[in-house]
Amino acid sequence: MPTLFDDLIHTLFPSYCLGCRRAIPPKTTLCLHCLGELPPTNSHLSESNPLIKLLQQLAPISHATALLFFEQQGLVQQLIHQLKYMNREQLGSLFGAQLGQKLIDSPFLSCELVVPIPLHKRRQRQRGYNQVSQFGQQLARQLQIDYVPHNLVRHKATKTLVRLNTHQRAAQIKNAFSVVDSSVFTGKHLLLVDDVVTTGTTLSEAANCLLQIEDLQVSVATIAFAKSPLP
Ligand SMILES: [Zn+2]
């Protein structure tokens, strides 16, 4: 039971778990209990995992993995919400470091650049940051490759895709992306990163845009994958 003093200290120097609000050592993000509760997909271990099977129906993507399974009302959903809407960017960093460690000795080592799914500039201005930046930067650091955030751009503002079915999502996102300077990506193996995959519409639209560039390969890494995609 935390004392009043503990409460005061944690108000001044907040070091509590973002999953359960237990006190944790400074500069950590989640307690050991919550870390143990995160459900890993371990998709990087299988070349025919459910995520790559989903994405390959939509775009010729080479490899795909997600760090965690996403379930409505679960811990991962709660953490992603904080990452997206409550300025908890450090969660992206934690997830990037965790996935980066797993990808050592995997086919993802042939990736040469990390490219985040961009937000439309208006959305990014409202939020103040792109929620996949820290995840992508940490992954790039672990894989010892460059992070390239501004060459793939989203020039079409889309409404939230959450309540739309696959067909409606595809129509919303169609032609939403473009590349500023294709020579930066020519001949490269890109690692495209995003927060959560549900239907794969956004990632595949971005991948298909990128794959118009000569001699390009696209792989995908995300924080989470929703096990039962929307109809
Ligand atoms: Zn916790």
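Atoms within a ligand are numbered from 1 in the order they appear, just like the ligands themselves. The structure presented is a predicted model; accordingly, all values stated were derived computationally and were not measured.
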Item to check | Side-chain touch Leu152/Pro116, heavy atoms, less than 4.5 angstrom | outcome: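 No - every pair of side-chain heavy atoms lies 4.5 Å or more apart.
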Checklist entry - Side-chain contact, heavy-atom cut-off 4.5 Å: Arg154 with Ile117? => result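 The answer is yes; the side chains approach within 4.5 Å.
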Checklist entry - Donor-acceptor pair, Ser93 side chain versus Gln90 backbone, under 3.5 Å? => result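 Such a contact is absent between Ser93 side chain and Gln90 backbone.
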Item to check | Donor-acceptor under 3.5 Å (Thr28 side chain, Ile24 main chain) | outcome: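 Here the side-chain-to-backbone pair does not exist.
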Checklist entry - Counting no waters, what protein N/O/S atoms lie under 2.8 Å from the Zn ion (ligand 1)? => result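 You should have found Cys17 SG, Cys20 SG, Cys31 SG, Cys34 SG.
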Checklist entry - Can you tell which of Pro107, Ser219, Cys111 makes a side chain to side chain contact (heavy atoms under 4.5 Å, CB included) with Ser62? => result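 Per the side chain to side chain contact (heavy atoms under 4.5 Å, CB included) rule, the option paired with Ser62 is Ser219, out of Pro107, Ser219, Cys111.
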Next on the checklist: Going by the rule ring-ring contact (aromatic ring centres under 6.0 Å, His included), which residues pair with Phe108 if we only count those two or more places apart in sequence or in a different chain?
Outcome noted: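 Listed in chain order: His63.
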